[in-house]
There are 2 protein chains.
Amino acid sequence: MAQATGPSRSQPATLSDVARLAGVSVATASKALNGRSQVRAETRQRVVDAAERLSFRPNQLARGLLAGRTGTVGLLTSDLEGRFSIPILMGAEDAFGAGEVAVFLCDARGDAIREQHHVRALLGRRVDGLIVVGSRTDPRPSLGRELPVPVVYAYAPSDDPEDLSIVPDSVDAGRIAVTHLLACGRTRIAHITGDPGYLAARERSEGALAALADAGLTPVEEPRFGAWSEGWGRAATALLLDRHADVDAVLCGNDQIARGVMDVLRERGRRVPEDVSVMGFDDWNVLTSGSRPPLTSVDLNLEQVGRAAAHALFSAIGGGRRSGIEALPCRVVIRGSTAPLS
Amino acid sequence: MAQATGPSRSQPATLSDVARLAGVSVATASKALNGRSQVRAETRQRVVDAAERLSFRPNQLARGLLAGRTGTVGLLTSDLEGRFSIPILMGAEDAFGAGEVAVFLCDARGDAIREQHHVRALLGRRVDGLIVVGSRTDPRPSLGRELPVPVVYAYAPSDDPEDLSIVPDSVDAGRIAVTHLLACGRTRIAHITGDPGYLAARERSEGALAALADAGLTPVEEPRFGAWSEGWGRAATALLLDRHADVDAVLCGNDQIARGVMDVLRERGRRVPEDVSVMGFDDWNVLTSGSRPPLTSVDLNLEQVGRAAAHALFSAIGGGRRSGIEALPCRVVIRGSTAPLS
DNA sequence: AAACAAACCGAAAAGGCTTTCTGAAAGCTA
DNA sequence: TAGCTTTCAGAAAGCCTTTTCGGTTTGTTT
């Protein structure tokens with residue numbers, strides 16, 4: 001059988017194929033399939049059957065061309081491997097995927113040139129809107145006000161206050177973390193955190209100190225800024241214990257630092273959580289669940305950030321216009337590493 | 001100025017806008033912009049200038065409608081949060097993004113119904129092909145042979161040998177891991193691994209045992225299957241040391257298990273790597289870099305899997321037809337947790 | 001039976017682009 | 001100058017769908 005086209009090469013059926021098979025015009029076929037009211041029930045059924053037989057799927061390109069809306073959005077992330085892009089991306093995909101919207105994924109690899117390239121390509125495909133996902137909470141350059149479609153920034157806010165940005169509330173995150181430690185009866189609290197070049201580090205710290213101040217307390221020492229790593233957590237803990245042996249809680253800038261802190265506490269004979277409570281930020285499961293004991297952490301609710309961004313984009317496409325930075329609350333996930341003083 | 005449309009609402013320029021501004025017909029404008037040879041240089045320049053002035057981007061919908069190819073592909077992942085989808089997705093995005101292809105991302109959340117729904121939606125958008133990314137290496141149900149576009153499976157192979165699947169070579173991964181340990185002079189090697197319900201666990205094990213057998217060795221005890229967690233790593237190590245105190249290397253089924261193993265070795269007074277070498281699989285940076293010492297691990301080269309899948313899809317779209325399971329090599333990333341016996 | 005309304009179906013245009021084909025102008029040869 | 005070839009520009013068709021509008025059929029009313 002020297003057949004030119006195998007089964008999997010055959011062109012998808014078009015509406016006129018369906019119409020021909022059903023013995024009606026394309027106009028009627030279209031109306032029948034789209035539930036328009038100007039077709040007899042019997043005719044509609046013939047069309048539906050024909051469409052079924054040919055496994056007809058309406059060509060969204062043609063539809064989009066006509067409607068002026070494509071039902072697609074661009075998701076522009078700056079680093080896919082980053083820990084933070086993914087949950088946001090999931091939330092957005094989730095919010096969109098339920099409906100009729102498809103998502104173009106683009107990874108700019110943190111390169112502004114490549115980002116610009118992707119924006120152009122997406123606009124060429126006539127996306128209805130864009131979500132820009134950053135990898136850290138520091139403000140990033142705006143894509144500009146002249147874009148023909150709405151844009152929502154997620155996690156990393158735009159530096160233009162006219163843009164709409166959805167971010168986790170880092171200050172509040174620090175605050176609720178300390179509130180939890182206070183609720184556990186801890187009063188001699190240390191704070192070991194990451195790179196001070198990150199806004200997230202500074203804001204979490206700010207919220208933590210504010211919550212302490214509200215309780216009439218100060219940390220046992222100045223917050224220790226360093227790196228976002230287990231190694232820094234270990235090193236800082238050694239220093240901390242040498243100077244402030246009476247510490248009863250350590251608030252860590254992220255889960256990796258917390259892992260390092262807990263390791264050294266254990267080695268120095270401190271029991272967690274009995275002697276010292278420890279908590280982190282980010283609630284990264286691979287770190288929180290494997291530790292001894294499992295780590296209490298502040299979840300940034302990133303999926304919710306993604307969903308909120310998607311919904312905001314929806315309403316912006318519909319004409320609703322918001323701007324500024326909207327900060328979403330975080331939540332403490334309590335595990336074994338924090339407990340009331342007995 | 002009661003202007004109806006703000007700057008960001010204006011419709012994007014069309015080719016006929018460009019043509020009008022340049023004082024030519026749309027046909028000429030099209031030819032000018034696409035480098036066709038039937039336009040005078042001077043005319044072409046006028047068109048190019050006009051396009052520039054209007055920041056014209058050709059509508060890819062219209063183009064795709066005409067060409068029968070859209071320059072889009074669907075990336076169907078079964079769990080975005082999964083550790084393995086992301087690098088593959090990056091590799092694919094990378095391979096595509098360089099050119100003229102845009103990627104629709106869909107997450108089926110491991111649900112077959114939702115997957116089917118996404119496939120339909122993607123076909124409606126006339127994607128040129130599909131990549132299906134799984135979350136584990138066990139075979140998964142094929143999408144079927146009757147799809148109008150080519151499909152490539154990545155990481156999780158299709159259960160239909162007529163489909164093309166790109167996977168990491170798990171057997172070889174086990175083999176090269178043991179080869180590395182042997183090269184370090186280790187001979188009393190234990191194997192602690194994860195859930196035996198996972199093909200990856202069984203195949204890595206198989207490769208490891210084969211390499212040992214090739215060297216005329218057997219492991220110090222039967223491989224211990226359990227869970228993919230630090231907790232299991234710790235528990236299994238305790239059992240191991242009780243029975244085989246003379247072990248000089250532990251090959252772990254993944255990096256999390258390896259972390260648990262190393263923790264208990266340290267607590268039992270074994271030095272890593274001097275007394276016992278430890279290695280894992282997956283090369284998950286957050287785990288390998290934070291441990292003491294940094295963990296040697298087998299990298300599955302997942303980005304390469306993604307790139308290979310993208311390239312395979314390209315050539316399939318072009319008509320090239322391959323099938324079966326293609327296994328790509330892995331590589332050992334040597335860090336501080338393995339070293340030659342001194 | 002005539003007149004009218006209602007129900008149903010189809011022709012055609014639109015959306016933005018590419019491509020083919022036809023036509024006009026320019027340049028060349030004899 | 002007549003006749004030829006090149007070179008360049010435009011008209012129109014086509015891709016697939018939706019929607020408007022006009023036309024035909026059927027049913028209802030007097």
Side-chain angles (χ1 to χ4, degrees), chain A residues 10-48 50-51 54-72 100 121 123-128 148-149, chain B residues 10-48 50-51 54-72 100 120-121 123-128 148:
Chain A
S10 62
Q11 294 299 325
T14 75
L15 188 59
S16 61
D17 295 331
V18 174
R20 186 166 33 245
L21 181 58
V24 298
S25 71
V26 287
T28 304
S30 171
K31 282 179 283 197
L33 293 175
N34 290 306
R36 291 279 164 284
S37 61
Q38 299 170 331
V39 260
R40 214 175 358 163
E42 187 257 346
T43 308
R44 183 188 308 276
Q45 192 57 48
R46 271 216 321 281
V47 175
V48 169
L54 300 175
S55 60
F56 168 76
R57 309 251 99 222
N59 185 327
Q60 296 295 136
L61 294 183
R63 199 178 261 193
L65 189 57
L66 205 52
R69 279 186 37 259
T70 57
T72 60
E100 300 296 88
L123 292 179
R125 296 192 183 279
R126 295 299 185 268
V127 293
D128 296 331
V149 296
Chain B
S10 63
Q11 294 298 325
T14 76
L15 187 58
S16 60
D17 294 332
V18 174
R20 185 166 34 244
L21 181 57
V24 298
S25 72
V26 288
T28 304
S30 172
K31 282 180 284 198
L33 293 175
N34 291 306
R36 292 279 165 284
S37 60
Q38 298 171 332
V39 257
R40 210 171 4 156
E42 186 259 344
T43 309
R44 182 187 308 277
Q45 192 56 48
R46 268 213 326 278
V47 174
V48 168
L54 300 174
S55 60
F56 168 75
R57 308 251 98 221
N59 185 327
Q60 297 296 133
L61 294 182
R63 198 179 262 190
L65 190 57
L66 202 54
R69 278 185 38 257
T70 57
T72 59
E100 300 297 87
R120 283 185 201 286
L123 292 180
R125 296 192 184 276
R126 296 299 187 269
V127 293
D128 296 331

Taking the side chain as everything from C-beta on, heavy atoms only, tell me whether [X] gets closer than 4.5 Å to [Y].
X	Y	value
A/P12	A/R57	no
A/L123	A/V149	yes
A/N59	A/T14	no
B/T72	B/Q60	no

Whole-Å distance between [N] [atom2] and [X] [atom1]?
X	N	atom1	atom2	answer
B/F56	C/dG16	CZ	C1'	8 Å
B/R69	D/dC16	CZ	P	15 Å
A/R126	D/dT17	CZ	P	21 Å
A/Q60	D/dT17	CD	P	10 Å
B/L54	C/dC17	CG	C1'	16 Å
A/R57	D/dT18	CZ	C1'	18 Å
A/N59	C/dG16	CG	C1'	14 Å
A/L15	C/dG15	CG	P	20 Å

- Message: Roughly what angle, to 10°, lies between the helix axis at the start of the helix from C/dA1-D/dT30 to C/dA30-D/dT1 and the one at its end, five pairs per end?
- Response: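 About 60°, once rounded to a multiple of 10°.
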- Summarise how protein sits on nucleotides 7-14 of chain C as a single string, 5' to 3': B when a protein heavy atom is under 4.0 Å from the base, S for sugar-phosphate-only contact, - for no contact. -SBBBB-B
- May I ask you to say what A/S30 touches in the nucleic acid, namely base, sugar-phosphate or nothing, with a heavy-atom cut-off under 4.0 Å?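 Base contact.
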- Task: Locate the shortest heavy-atom distance separating A/R126 from B/L61; write the atom from each residue and the value.
- Result: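 Looks like CB-CD1, 4.5 Å.
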- Message: Ignoring hydrogens, what is the shortest heavy-atom contact between B/V26 and B/L15? Give both atom names and the distance.
- Response: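 Scanning both residues, the minimum pair turns out to be O-CD2, 3.7 Å.
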- Report the residue (B/R36 or B/L65) whose heavy-atom-nearest nucleotide on DNA chain C is the more 5′ of the two.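 Its nearest nucleotide being more 5', the pick is B/L65.
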- Exam field: side chain A/R46 to backbone A/A22, donor-acceptor pair closer than 3.5 Å: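 Yes, A/R46 side chain to A/A22 backbone: donor-acceptor pair under 3.5 Å.
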- Taking A/N34 for the side chain and A/R36 for the main chain, is one N or O donor matched with an acceptor at less than 3.5 Å?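 Checking the backbone N and O of A/R36 against the side chain of A/N34, no donor-acceptor pair under 3.5 Å is found.
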- Pick out which of A/T28, A/L33, A/V47 makes a side-chain contact (heavy atoms from CB on, under 4.5 Å) with A/V39.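 Of the listed residues A/T28, A/L33, A/V47, the side-chain contact (heavy atoms from CB on, under 4.5 Å) partner of A/V39 is A/T28.
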- Any A/R63 side-chain N or O less than 4.0 Å from OP1/OP2 of D/dT18: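 A/R63 to D/dT18 OP1/OP2: side-chain N or O found under 4.0 Å.
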